[in-house]
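I have placed the structure first, in the form of C-alpha coordinates, so that the comments after it can refer back to it.
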There are 2 protein chains.
Amino acid sequence: MAEKETRARDLPCLQIGEVADRTGVTQRTLRFYEERGLLRPPSRMDGGFRLYSEDDVARVEQIKRLQNLLGLTLAEIKEMVEAEEIKEELRATYRPDLEVDERLSRVQKRIEVTERQDNIISAKLEAMAVMKKELGEKLAHYQEVKADLHKQRSESAASAT
Amino acid sequence: MAEKETRARDLPCLQIGEVADRTGVTQRTLRFYEERGLLRPPSRMDGGFRLYSEDDVARVEQIKRLQNLLGLTLAEIKEMVEAEEIKEELRATYRPDLEVDERLSRVQKRIEVTERQDNIISAKLEAMAVMKKELGEKLAHYQEVKADLHKQRSESAASAT
DNA sequence: TTGATAATTGACGTTTGCGTTAGTGATAGC
DNA sequence: GCTATCACTAACGCAAACGTCAATTATCAA
(Lines give C-alpha, C1' and ligand atoms only; values in the text may rest on other atoms or scores of the structure.)
Protein backbone atom coordinates (compact mmCIF):
# COMPACT_ATOMS: atom_id res chain seq x y z
CA MET A 1 0.00 0.00 0.00
CA ALA A 2 2.86 2.28 0.79
CA GLU A 3 4.06 1.21 -2.59
CA LYS A 4 0.83 2.27 -4.17
CA GLU A 5 1.12 5.72 -2.68
CA THR A 6 4.65 6.03 -3.87
CA ARG A 7 3.55 5.15 -7.35
CA ALA A 8 0.76 7.65 -7.17
CA ARG A 9 3.25 10.36 -6.26
CA ASP A 10 5.47 9.31 -9.09
CA LEU A 11 2.68 9.20 -11.65
CA PRO A 12 3.71 11.77 -14.20
CA CYS A 13 0.67 13.84 -14.99
CA LEU A 14 1.77 17.47 -14.96
CA GLN A 15 2.58 19.45 -18.06
CA ILE A 16 5.48 21.83 -18.07
CA GLY A 17 3.27 24.89 -17.78
CA GLU A 18 1.68 23.74 -14.58
CA VAL A 19 5.02 22.81 -13.07
CA ALA A 20 6.29 26.24 -14.00
CA ASP A 21 3.31 27.93 -12.38
CA ARG A 22 3.56 25.90 -9.22
CA THR A 23 7.29 26.27 -8.75
CA GLY A 24 7.58 29.84 -9.92
CA VAL A 25 10.28 29.12 -12.47
CA THR A 26 9.85 29.42 -16.22
CA GLN A 27 9.44 26.60 -18.69
CA ARG A 28 12.78 27.58 -20.11
CA THR A 29 14.35 27.03 -16.72
CA LEU A 30 12.83 23.57 -16.42
CA ARG A 31 14.17 22.55 -19.80
CA PHE A 32 17.49 24.12 -18.90
CA TYR A 33 17.72 22.13 -15.67
CA GLU A 34 16.94 18.98 -17.61
CA GLU A 35 19.65 19.79 -20.13
CA ARG A 36 22.13 20.28 -17.31
CA GLY A 37 21.19 17.05 -15.63
CA LEU A 38 19.50 18.61 -12.61
CA LEU A 39 16.17 17.04 -13.52
CA ARG A 40 15.82 13.58 -14.98
CA PRO A 41 14.39 13.60 -18.49
CA PRO A 42 10.67 13.36 -17.75
CA SER A 43 8.35 10.98 -19.52
CA ARG A 44 6.44 12.28 -22.51
CA MET A 45 2.98 12.24 -23.95
CA ASP A 46 2.44 10.72 -27.38
CA GLY A 47 2.95 14.07 -29.02
CA GLY A 48 6.18 14.68 -27.18
CA PHE A 49 4.92 16.96 -24.39
CA ARG A 50 6.80 16.52 -21.13
CA LEU A 51 4.98 14.92 -18.22
CA TYR A 52 6.28 15.67 -14.75
CA SER A 53 5.51 14.02 -11.43
CA GLU A 54 5.05 15.51 -7.98
CA ASP A 55 8.52 14.29 -7.16
CA ASP A 56 9.84 16.47 -9.94
CA VAL A 57 8.07 19.47 -8.47
CA ALA A 58 9.63 18.76 -5.11
CA ARG A 59 12.98 18.51 -6.77
CA VAL A 60 12.66 21.88 -8.44
CA GLU A 61 11.76 23.41 -5.12
CA GLN A 62 14.79 21.81 -3.56
CA ILE A 63 17.02 23.18 -6.30
CA LYS A 64 15.64 26.65 -5.71
CA ARG A 65 16.26 26.39 -1.98
CA LEU A 66 19.84 25.32 -2.54
CA GLN A 67 20.26 28.26 -4.89
CA ASN A 68 18.59 30.94 -2.86
CA LEU A 69 19.49 29.94 0.66
CA LEU A 70 22.93 28.48 0.19
CA GLY A 71 23.99 30.28 -2.96
CA LEU A 72 25.25 27.12 -4.61
CA THR A 73 25.91 26.98 -8.33
CA LEU A 74 23.94 24.63 -10.53
CA ALA A 75 27.03 22.47 -10.90
CA GLU A 76 27.26 22.08 -7.15
CA ILE A 77 23.55 21.45 -6.88
CA LYS A 78 23.82 18.81 -9.55
CA GLU A 79 26.28 16.84 -7.46
CA MET A 80 23.87 16.94 -4.58
CA VAL A 81 20.76 15.91 -6.45
CA GLU A 82 22.65 13.11 -8.10
CA ALA A 83 22.71 11.53 -4.71
CA GLU A 84 18.93 11.65 -4.78
CA GLU A 85 19.03 9.75 -8.05
CA ILE A 86 20.86 7.01 -6.27
CA LYS A 87 18.15 6.85 -3.68
CA GLU A 88 15.49 6.33 -6.28
CA GLU A 89 17.64 3.85 -8.08
CA LEU A 90 18.03 1.95 -4.86
CA ARG A 91 14.32 1.91 -4.34
CA ALA A 92 13.62 0.79 -7.88
CA THR A 93 16.14 -1.98 -8.19
CA TYR A 94 15.57 -3.46 -4.81
CA ARG A 95 17.82 -6.46 -4.97
CA PRO A 96 17.95 -7.21 -1.31
CA ASP A 97 20.62 -9.59 -0.27
CA LEU A 98 23.56 -10.05 -2.52
CA GLU A 99 24.77 -6.51 -2.99
CA VAL A 100 24.74 -5.32 0.55
CA ASP A 101 28.18 -3.85 0.15
CA GLU A 102 27.08 -1.85 -2.84
CA ARG A 103 24.04 -0.52 -1.03
CA LEU A 104 26.18 0.33 1.96
CA SER A 105 28.56 2.38 -0.10
CA ARG A 106 25.68 4.27 -1.67
CA VAL A 107 24.12 5.06 1.64
CA GLN A 108 27.55 6.18 2.73
CA LYS A 109 27.72 8.51 -0.24
CA ARG A 110 24.36 9.98 0.65
CA ILE A 111 25.50 10.51 4.18
CA GLU A 112 28.54 12.38 2.97
CA VAL A 113 26.54 14.64 0.69
CA THR A 114 24.04 15.37 3.41
CA GLU A 115 26.80 16.15 5.86
CA ARG A 116 28.33 18.55 3.40
CA GLN A 117 25.05 20.37 3.06
CA ASP A 118 24.74 20.44 6.79
CA ASN A 119 28.19 21.94 7.17
CA ILE A 120 27.45 24.67 4.67
CA ILE A 121 24.18 25.48 6.36
CA SER A 122 25.69 25.50 9.81
CA ALA A 123 28.47 27.86 8.80
CA LYS A 124 26.03 30.21 7.14
CA LEU A 125 23.62 30.11 10.02
CA GLU A 126 26.37 31.08 12.38
CA ALA A 127 27.66 33.95 10.28
CA MET A 128 24.14 35.20 9.71
CA ALA A 129 23.34 35.07 13.39
CA VAL A 130 26.33 37.33 14.03
CA MET A 131 25.19 39.67 11.32
CA LYS A 132 21.68 39.79 12.68
CA LYS A 133 22.93 40.65 16.11
CA GLU A 134 25.02 43.49 14.74
CA LEU A 135 22.07 44.77 12.79
CA GLY A 136 19.99 44.74 15.92
CA GLU A 137 22.55 46.83 17.76
CA LYS A 138 22.78 49.21 14.86
CA LEU A 139 19.04 49.63 14.79
CA ALA A 140 18.89 50.28 18.51
CA HIS A 141 21.57 52.93 18.13
CA TYR A 142 19.73 54.69 15.34
CA GLN A 143 16.51 54.63 17.25
CA GLU A 144 18.33 56.36 20.06
CA VAL A 145 19.77 58.99 17.75
CA LYS A 146 16.36 59.49 16.28
CA ALA A 147 14.81 60.02 19.69
CA ASP A 148 17.54 62.54 20.56
CA LEU A 149 16.91 64.49 17.42
CA HIS A 150 13.20 64.53 18.08
CA LYS A 151 13.86 65.91 21.54
CA GLN A 152 16.20 68.54 20.14
CA ARG A 153 13.61 69.64 17.67
CA SER A 154 10.83 69.99 20.17
CA GLU A 155 13.16 71.92 22.50
CA SER A 156 14.25 74.38 19.87
CA ALA A 157 10.64 74.79 18.88
CA ALA A 158 9.79 75.58 22.49
CA SER A 159 12.59 78.16 22.78
CA ALA A 160 11.46 79.80 19.57
CA THR A 161 8.04 80.72 20.93
CA MET B 1 40.26 62.45 21.37
CA ALA B 2 37.60 60.24 19.96
CA GLU B 3 37.89 62.45 16.96
CA LYS B 4 41.60 61.81 16.76
CA GLU B 5 41.04 58.08 16.77
CA THR B 6 38.45 58.36 14.08
CA ARG B 7 40.89 60.27 11.95
CA ALA B 8 43.55 57.67 12.56
CA ARG B 9 41.24 54.97 11.33
CA ASP B 10 40.39 57.04 8.30
CA LEU B 11 44.00 57.79 7.45
CA PRO B 12 44.45 56.31 4.00
CA CYS B 13 47.71 54.46 4.02
CA LEU B 14 47.06 51.12 2.34
CA GLN B 15 47.87 50.40 -1.26
CA ILE B 16 45.53 48.38 -3.36
CA GLY B 17 47.67 45.25 -3.17
CA GLU B 18 47.55 45.13 0.60
CA VAL B 19 43.83 45.71 0.68
CA ALA B 20 43.43 42.90 -1.82
CA ASP B 21 45.53 40.55 0.28
CA ARG B 22 43.72 41.39 3.48
CA THR B 23 40.22 41.13 2.08
CA GLY B 24 40.83 38.21 -0.22
CA VAL B 25 39.47 39.95 -3.30
CA THR B 26 41.54 40.91 -6.33
CA GLN B 27 42.74 44.38 -7.24
CA ARG B 28 40.46 44.19 -10.23
CA THR B 29 37.53 43.64 -7.94
CA LEU B 30 38.43 46.67 -5.84
CA ARG B 31 38.61 48.88 -8.91
CA PHE B 32 35.42 47.35 -10.18
CA TYR B 33 33.58 48.11 -6.95
CA GLU B 34 34.83 51.67 -7.15
CA GLU B 35 33.61 51.95 -10.71
CA ARG B 36 30.20 50.69 -9.65
CA GLY B 37 29.97 53.09 -6.76
CA LEU B 38 30.30 50.49 -4.02
CA LEU B 39 33.52 52.01 -2.76
CA ARG B 40 34.16 55.73 -2.65
CA PRO B 41 36.97 56.81 -4.93
CA PRO B 42 39.93 56.54 -2.57
CA SER B 43 42.57 59.23 -2.22
CA ARG B 44 45.69 58.89 -4.30
CA MET B 45 49.44 59.19 -3.97
CA ASP B 46 51.28 61.74 -6.10
CA GLY B 47 51.85 59.20 -8.81
CA GLY B 48 48.20 58.20 -8.88
CA PHE B 49 48.32 55.05 -6.73
CA ARG B 50 45.18 54.49 -4.70
CA LEU B 51 45.38 54.86 -0.93
CA TYR B 52 42.76 53.06 1.12
CA SER B 53 41.84 53.40 4.77
CA GLU B 54 40.85 50.79 7.33
CA ASP B 55 37.28 51.90 6.85
CA ASP B 56 37.53 50.89 3.23
CA VAL B 57 38.74 47.46 4.24
CA ALA B 58 35.77 47.08 6.55
CA ARG B 59 33.51 48.13 3.74
CA VAL B 60 34.85 45.51 1.38
CA GLU B 61 34.31 42.87 4.03
CA GLN B 62 30.76 44.07 4.48
CA ILE B 63 30.14 43.88 0.75
CA LYS B 64 31.41 40.32 0.69
CA ARG B 65 29.15 39.34 3.56
CA LEU B 66 26.13 40.80 1.84
CA GLN B 67 27.08 38.88 -1.29
CA ASN B 68 27.88 35.53 0.25
CA LEU B 69 25.41 35.35 3.08
CA LEU B 70 22.44 37.15 1.63
CA GLY B 71 23.08 36.62 -2.07
CA LEU B 72 22.40 40.25 -2.94
CA THR B 73 23.45 41.69 -6.27
CA LEU B 74 26.00 44.49 -6.41
CA ALA B 75 23.21 46.88 -7.34
CA GLU B 76 21.29 45.97 -4.21
CA ILE B 77 24.41 46.18 -2.11
CA LYS B 78 25.13 49.57 -3.55
CA GLU B 79 21.83 50.89 -2.27
CA MET B 80 22.70 49.64 1.17
CA VAL B 81 26.20 50.99 1.38
CA GLU B 82 25.01 54.32 0.09
CA ALA B 83 23.29 54.65 3.41
CA GLU B 84 26.71 54.27 4.99
CA GLU B 85 27.90 57.17 2.91
CA ILE B 86 25.23 59.28 4.49
CA LYS B 87 26.50 58.32 7.90
CA GLU B 88 29.98 59.50 7.13
CA GLU B 89 28.64 62.60 5.52
CA LEU B 90 26.69 63.29 8.66
CA ARG B 91 29.79 62.85 10.77
CA ALA B 92 31.91 65.05 8.53
CA THR B 93 29.58 67.98 8.10
CA TYR B 94 28.45 68.14 11.65
CA ARG B 95 26.25 71.19 11.52
CA PRO B 96 24.38 70.62 14.71
CA ASP B 97 21.36 72.73 15.17
CA LEU B 98 19.76 74.16 12.12
CA GLU B 99 19.16 71.12 9.99
CA VAL B 100 17.70 68.81 12.53
CA ASP B 101 14.94 67.84 10.15
CA GLU B 102 17.43 66.90 7.51
CA ARG B 103 19.43 64.80 9.94
CA LEU B 104 16.27 63.16 11.13
CA SER B 105 15.24 62.12 7.67
CA ARG B 106 18.68 60.65 7.03
CA VAL B 107 18.66 58.67 10.20
CA GLN B 108 15.22 57.52 9.19
CA LYS B 109 16.61 56.37 5.86
CA ARG B 110 19.32 54.42 7.60
CA ILE B 111 16.77 52.83 9.85
CA GLU B 112 14.76 51.71 6.86
CA VAL B 113 17.76 50.22 5.09
CA THR B 114 18.84 48.41 8.22
CA GLU B 115 15.35 47.07 8.75
CA ARG B 116 15.29 45.77 5.21
CA GLN B 117 18.53 43.92 5.78
CA ASP B 118 17.14 42.57 9.00
CA ASN B 119 14.03 41.32 7.26
CA ILE B 120 16.03 39.54 4.60
CA ILE B 121 18.26 37.95 7.20
CA SER B 122 15.38 36.90 9.38
CA ALA B 123 13.54 35.24 6.51
CA LYS B 124 16.65 33.41 5.41
CA LEU B 125 17.51 32.34 8.91
CA GLU B 126 14.08 30.86 9.34
CA ALA B 127 14.11 28.98 6.06
CA MET B 128 17.59 27.72 6.74
CA ALA B 129 16.65 26.52 10.18
CA VAL B 130 13.89 24.45 8.64
CA MET B 131 16.30 23.06 6.11
CA LYS B 132 18.84 22.21 8.74
CA LYS B 133 16.26 20.34 10.74
CA GLU B 134 15.23 18.32 7.70
CA LEU B 135 18.83 17.53 6.97
CA GLY B 136 19.28 16.31 10.52
CA GLU B 137 16.35 13.96 10.18
CA LYS B 138 17.61 12.70 6.87
CA LEU B 139 21.01 12.02 8.35
CA ALA B 140 19.53 10.13 11.26
CA HIS B 141 17.53 8.02 8.86
CA TYR B 142 20.55 7.14 6.76
CA GLN B 143 22.56 6.25 9.80
CA GLU B 144 19.82 3.85 10.73
CA VAL B 145 19.77 2.30 7.28
CA LYS B 146 23.51 2.02 7.42
CA ALA B 147 23.40 0.24 10.75
CA ASP B 148 20.79 -2.17 9.39
CA LEU B 149 22.91 -2.99 6.39
CA HIS B 150 25.90 -3.60 8.60
CA LYS B 151 23.88 -5.98 10.67
CA GLN B 152 22.62 -7.78 7.58
CA ARG B 153 26.11 -8.22 6.33
CA SER B 154 27.47 -9.63 9.52
CA GLU B 155 24.50 -12.00 9.75
CA SER B 156 24.90 -13.35 6.24
CA ALA B 157 28.58 -13.72 6.92
CA ALA B 158 27.78 -15.75 10.00
CA SER B 159 25.36 -18.01 8.12
CA ALA B 160 27.91 -18.58 5.41
CA THR B 161 30.40 -20.23 7.75
C1' DT C 1 -12.56 20.41 -38.11
C1' DT C 2 -11.21 24.29 -36.72
C1' DG C 3 -9.43 27.68 -33.79
C1' DA C 4 -7.35 28.89 -29.41
C1' DT C 5 -3.89 27.55 -26.42
C1' DA C 6 0.12 25.09 -24.99
C1' DA C 7 4.59 22.73 -25.96
C1' DT C 8 8.82 21.56 -28.79
C1' DT C 9 13.49 22.37 -30.49
C1' DG C 10 17.09 25.50 -31.90
C1' DA C 11 19.57 29.40 -31.87
C1' DC C 12 21.04 33.74 -30.54
C1' DG C 13 20.87 37.52 -26.86
C1' DT C 14 21.54 39.47 -22.09
C1' DT C 15 23.12 40.52 -17.50
C1' DT C 16 26.19 39.96 -13.70
C1' DG C 17 30.68 39.87 -11.84
C1' DC C 18 34.56 39.80 -12.51
C1' DG C 19 39.39 37.68 -15.32
C1' DT C 20 42.93 38.75 -18.43
C1' DT C 21 45.99 40.78 -21.22
C1' DA C 22 48.48 45.00 -23.07
C1' DG C 23 50.99 48.84 -22.81
C1' DT C 24 52.64 52.46 -19.72
C1' DG C 25 54.01 54.91 -15.62
C1' DA C 26 55.43 55.02 -10.33
C1' DT C 27 58.28 53.57 -6.22
C1' DA C 28 61.81 51.63 -3.67
C1' DG C 29 66.13 49.19 -2.70
C1' DC C 30 70.80 48.86 -4.03
C1' DG D 1 70.68 55.53 -12.08
C1' DC D 2 69.07 50.88 -12.69
C1' DT D 3 65.84 47.43 -12.01
C1' DA D 4 62.44 44.78 -9.71
C1' DT D 5 57.99 45.32 -8.20
C1' DC D 6 53.73 47.55 -7.95
C1' DA D 7 50.05 50.09 -9.84
C1' DC D 8 47.34 52.59 -13.67
C1' DT D 9 43.85 52.70 -17.52
C1' DA D 10 41.52 50.73 -21.33
C1' DA D 11 39.62 47.18 -23.59
C1' DC D 12 38.30 42.74 -24.67
C1' DG D 13 36.84 38.09 -22.85
C1' DC D 14 34.07 34.77 -20.36
C1' DA D 15 31.11 31.54 -17.67
C1' DA D 16 26.70 31.17 -15.42
C1' DA D 17 21.88 31.22 -15.70
C1' DC D 18 18.67 31.98 -17.93
C1' DG D 19 15.53 35.34 -21.58
C1' DT D 20 13.70 35.75 -26.04
C1' DC D 21 12.37 34.93 -30.49
C1' DA D 22 11.00 31.85 -34.45
C1' DA D 23 9.14 28.31 -36.77
C1' DT D 24 6.65 24.11 -36.03
C1' DT D 25 3.63 20.72 -33.91
C1' DA D 26 0.05 18.98 -30.14
C1' DT D 27 -4.05 19.12 -27.49
C1' DC D 28 -8.48 20.15 -26.53
C1' DA D 29 -12.96 22.27 -26.57
C1' DA D 30 -16.80 23.70 -29.28
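Convention: sequence-line order gives letters A, B, ...; per-chain numbering from 1. Bear in mind that the values here come from a model prediction, so they are computed numbers and not experimental data.
The side chain of A/Thr26 contributes an N or O atom lying less than 4.0 Å from OP1 or OP2 of D/dG19. OP1 or OP2 of C/dA6 has not a single side-chain nitrogen or oxygen of A/Gln15 nearer than 4.0 Å. Taking only side-chain nitrogens and oxygens, B/Thr29 comes nearer than 4.0 Å to OP1 or OP2 of C/dG19. Dashed line: the shortest gap from a side-chain N or O of B/Gln27 to OP1 or OP2 of D/dC6 is not under 4.0 Å. A/Tyr33 has no side-chain polar atom (N or O) that falls below the 4.0 Å cut-off from OP1 or OP2 of D/dA17.
Where B/Leu74 and B/Gly47 each meet DNA chain C at their nearest nucleotide, the meeting point lying more 5' is that of B/Leu74. Summary of the strand contacts: A/Arg28 and A/Phe49 both lie near DNA chain D, and taking for each the nucleotide with the nearest heavy atom, the more 5' one is attributed to A/Arg28. For the pair B/Gly17 and A/Met45, nearest-nucleotide mapping onto DNA chain D gives the more 5' position to B/Gly17.
Here B/Glu76 lies out of heavy-atom contact (under 4.0 Å) with every strand. Within 4.0 Å (heavy atoms only), B/Lys64 reaches sugar-phosphate atoms of the nucleic acid but no base atom. Residue-level contact check: B/Glu35 touches neither bases nor backbone, having no heavy atom under 4.0 Å from any strand.
The interatomic distance linking B/Gln67 (CD) with C/dC18 (C1') rounds to 10 Å, in whole Å. Atom P of nucleotide C/dG17 and atom NZ of B/Lys78 are separated by 13 Å, given to the nearest angstrom. Summarising the geometry, the separation between CG on B/Leu66 and C1' on C/dG17 is reported as 16 Å, rounded to the nearest angstrom. Put simply, CZ on B/Arg50 is 14 Å from C1' on C/dG25, counting in whole angstrom units. Between A/Phe32 atom CZ and C/dT15 atom C1' the separation is 14 Å, expressed in whole Å. The CD atom of A/Glu18 sits 12 Å away from the P atom of C/dA6 (whole-angstrom rounding). Across the protein-nucleic acid pair, A/Arg31 atom CZ and C/dG10 atom P stand 12 Å apart, rounded to whole Å. In this structure, B/Leu51 places its CG atom 12 Å from C1' of C/dA26, rounding to the nearest Å.
Distances from the side chain of A/Arg44 to the nucleotides D/dC18, C/dT8, C/dG17 place C/dT8 closest. Distances from the side chain of B/Thr73 to the nucleotides C/dG17, C/dG19, C/dT27 place C/dG17 closest. With distances taken from any side-chain atom of A/Ile16 to the nucleotides C/dT8, D/dT9, C/dG19, the minimum falls on C/dT8.
A donor-acceptor contact closer than 3.5 angstrom links the side chains of B/Asp56 and B/Ser53. In the model, A/Gln143 has no side-chain atom that pairs as donor or acceptor with a side-chain atom of A/Lys146 under 3.5 Å.
The salt bridge (Lys or Arg N to Asp or Glu O under 4.0 Å) test with B/Glu34 singles out one residue from B/Arg40, B/Lys78, B/Arg50, and that residue is B/Arg50.
With respect to B/Arg106 and B/Glu102, a salt bridge is recorded, a charged nitrogen being found less than 4.0 Å from a carboxylate O.
For the atom pair CD1 (A/Ile16) and OG1 (A/Thr29), the distance works out to 9.5 Å, reported to the nearest 0.5 Å. Considering CD of A/Gln62 and CG of A/Leu38, their distance stands at 11.5 Å, rounded to 0.5 Å.
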